[in-house]
Visitor: 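Once you've had a glance at the structure underneath, I'll fire off some questions.
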Number of protein chains: 4
Amino acid sequence: MLNRVVLVGRLTKDPDLRYTASGIAVANFTVAVNRPFSNQQGDREADFINCVIWRKPAENLANYMSKGSMVGVDGRIQTRSFDGQDGKRVFMTEVVADSVQFLESKNSNRQASGNGGQGSGGYQPQNQNQQEAPNPNQANNPQSGSSNDNLEPIDISDDDLPF
Amino acid sequence: MLNRVVLVGRLTKDPDLRYTASGIAVANFTVAVNRPFSNQQGDREADFINCVIWRKPAENLANYMSKGSMVGVDGRIQTRSFDGQDGKRVFMTEVVADSVQFLESKNSNRQASGNGGQGSGGYQPQNQNQQEAPNPNQANNPQSGSSNDNLEPIDISDDDLPF
Amino acid sequence: MLNRVVLVGRLTKDPDLRYTASGIAVANFTVAVNRPFSNQQGDREADFINCVIWRKPAENLANYMSKGSMVGVDGRIQTRSFDGQDGKRVFMTEVVADSVQFLESKNSNRQASGNGGQGSGGYQPQNQNQQEAPNPNQANNPQSGSSNDNLEPIDISDDDLPF
Amino acid sequence: MLNRVVLVGRLTKDPDLRYTASGIAVANFTVAVNRPFSNQQGDREADFINCVIWRKPAENLANYMSKGSMVGVDGRIQTRSFDGQDGKRVFMTEVVADSVQFLESKNSNRQASGNGGQGSGGYQPQNQNQQEAPNPNQANNPQSGSSNDNLEPIDISDDDLPF
DNA sequence: TTTT
DNA sequence: TTTT
C-alpha cells in the first residue's frame, strides 16, 4: 500500500486556517495546477485540488502564503464522506499535505523596486522576520507576505521553522 | 506546475470498461489504499480513490484485473465538475492513470497448488498468454485471472503489450 | 525544494542489516525495477537502485524480506561522497527510504499448497507472526519468509509494527 | 514495477546540451535540492542529483535555464555502468527527466526594476521570445535568460512549446 | 467556488 | 565537480 502525491501550483485563495476544539491548527487550501496540454478548444485548463495541512505547517502556510502564491505540496490522497446539509452523503477527495514548500510569493517581481546593490551574490538567510513570532490565535496575517518576497523559498515542514 | 500521483492498493470492484462514441476505450476503477496508521478507535482505515485510464491500458486492465487485484498506479490528479441529476453542480476528483501495474491477481495463493519444482530460480517470462489476444469488444473476461496467477507482474502501460 | 521517490521492484539480494556504534539499525538493499520498454535489441533492461533504511523498518525489512521479494519504496534521493580505497573520491547516489512496503514474498505461489477452502472472501489480518518478536541483534532470519507468504502485504513503516 | 521521481531544486551549473551522432539533443544537468533538516553540526546540506533529458525539452532547458535556476523535474531513476578511463567499471545513477518545469529564472528579483504599470493584473503569455527560434545546432544561448525573468513559469515538456 |  |  502506497499513496504519494506531489503538486506544484498556485493557491486559488488565501489559506483558511482554523483550530480544532483541542487547539490543533488546520489549514485548508486549494492548489490550481495548470495542465501540461491544451484541450480541443486549444486552451489550457487547470485542476483545482483541495488540500489540508495540520499543526505548525498550517500556521506557517497561513502566515506566509496567500492567493496566487506558488507552492510545492508533498502528501497523500485522502477520501472521506459526511452527510451534506441536504441529507445526502457527500464524498470528498483531498490531499493531506505532509509539507508545503513556498516557491514564489504572490507578489514577487511586482514589488521589486531597484534594489541594485542587493544581488551582490551574498546569501542572506531570510529568516529575520521569524523574530516577530506569529500569534497562533490570529488567523491570517495580511502584511506578512510583504516581509518575504520570494528572495528565498521557505520550507514550512513541521520541524523547519523555529516557531 | 507539477502533478504526480503514485498509488499501490486493491481494486474495490471489477474495472468498468466502456467505449466513447468515437470508439476510444476508457475504464473506471477504484483503488483501496490502506492507511499506514490506525485511527483513535485503533483500526486501520482505507482511502478509496477513483481512477480512470484510457485506450489500450484500459482494455488490458479490464481483461487482466478484477475485484481484489493489487495494482500500482502512476498518474495525475484531475478535477472536473458537471451538473448532477438534482440540478446541483457536482465536483469530482479522480486520478487519471498513465499506467497501471499488475502486482497481484485477485486469486494468487488461493489457486496455487503444489507446483514444487517450479521455484528453481529460473526466470520465465509470463507473456505466453498474450497470444490468446483478448477481444477488445468484450468487457470483462472473468477467467482471465487464472491464466496468470502473479508468477510475474504485468505492466500494462500503453506501448507495453503487443495488442 | 522537493525530493520524492517511489519505487516498486524486487530485492536483488537479502537486505544487509548492520548497527551503528551507537546501536542504530541500518539496512542496505538494492531494488531491481524493470524498465517499461525494451531497448534496441528488443529486451527489457532493469535499473538497480541502491537504497538504505534506518531503525525499526530496517530490522523489519531484514526479518521479513529477502532476495527476490517485491517491495514498494517511498523515500528521497540522497547523494554523498567519500574517499575510495584507491584514494579517489567516490560519489554515490542512493534512495533513503522512509518506508518499505512488502508486496510479495520471494516464495509466494511457490510454496503455496492446496489451501482450497481459504479464499472464502474473508479478510484475515496476517499479523499473528508478529508475536514472535524478532531479535534485533540477530541479522537475517532465513525462515521468516515462510511464515507470511504474501497472504496480505505488510507495511513496515516505522510506527507500524508493534515492536 | 514502478519508478517515479519528483524534484524541485536549483541547477548547479548551466545545462550541458549535446547532440548524438544521429542528431538527437540530450542535456545533462545537476539539481541541488536542499535537505529539509540540519545535520549534527546544525547546517543544511544538499543533494546534488544528476539528471538527463532528451530531445526538444533538452533544447528548451538549455535555452531558458542556467546556473541557479529553480526547476521542477518529473522523471525516473536510471542506473548504468561503463568502463572508466582507469579501466575500472563505473556505476552511475541519474534521473531521466520526462519533463522539466521552469519555476524561477536565475536572476528573478535581481533585475526587476520598477516596472510599475506592469503588474496590472493582466495576464500576458510570455512566449513572445519563442519567435526567435533557438538554433538547435547552437548549444547555450547565454543571453536567453534575460528575455524571460520568471514573469511566468514555463513548462518545457516535449509537446509544450511550439518549436 | 477557483491560480497565473 | 556543485545551487540559493
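This one's a predicted model, so the numbers in the text were calculated from it and none came from an experiment. Letters A, B, ... are given to chains in the order of the sequence lines, protein chains preceding strands, and every chain is numbered from 1.
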Visitor: If you only use heavy atoms from C-beta on, which nucleotide in dT2(E), dT4(F), dT2(F) is closest to the side chain of T30(D)?
Guide: dT2(F)
Visitor: Mind checking side chain to side chain donor-acceptor pair (under 3.5 Å) for D74(D) and listing every partner two or more places apart, or none if nothing turns up?
Guide: R4(B), R4(D)
Visitor: For the side chain of T12(A), starting at C-beta, report the closest nucleotide among dT4(E), dT2(E), dT3(F).
Guide: dT2(E)
Visitor: Among dT2(F), dT3(E), dT1(E), which nucleotide has an atom closest to any side-chain atom of R89(B)?
Guide: dT1(E)
Visitor: In whole angstrom, give the distance that lies between atom CD1 of I49(A) and atom P of dT3(E).
Guide: 15 Å
Visitor: Round to a whole Å and report the spacing from NZ of K67(A) to C1' of dT2(E).
Guide: 8 Å
Visitor: R10(A) side chain: which of dT2(F), dT3(F), dT4(E) is closest?
Guide: dT4(E)
Visitor: Mind calculating the distance between CZ (F48(A)) and P (dT3(E)) to the nearest angstrom?
Guide: 7 Å
Visitor: Rounded to whole Å, please give me the gap between CG in L2(B) and P in dT4(E).
Guide: 19 Å
Visitor: What is the distance, to the nearest angstrom, from the CD atom on E45(D) to the P atom on dT2(F)?
Guide: 13 Å
Visitor: List the residues meeting side chain to side chain donor-acceptor pair (under 3.5 Å) with D86(B), not counting sequence neighbours, and say none if there are none.
Guide: none
Visitor: Measure the shortest side-chain to side-chain distance between E45(D) and F37(D) over non-hydrogen atoms and say whether it is less than 4.5 angstrom.
Guide: no
Visitor: Which of the following nucleotides, dT1(E), dT3(F), dT2(F), is nearest to the side chain of A32(D)?
Guide: dT3(F)
Visitor: For L11(A) and dT1(E), what is the distance between atoms CG and P respectively, to the nearest whole Å?
Guide: 20 Å
Visitor: Can you check the K13(A) NZ to dT2(E) P distance for me, whole Å?
Guide: 10 Å
Visitor: Is there a donor-acceptor pair under 3.5 Å between the side chain of T30(C) and the backbone N or O of F48(C)?
Guide: no
Visitor: Please state how far atom CG in D83(C) lies from atom P in dT1(F), giving the value in whole angstrom units.
Guide: 9 Å
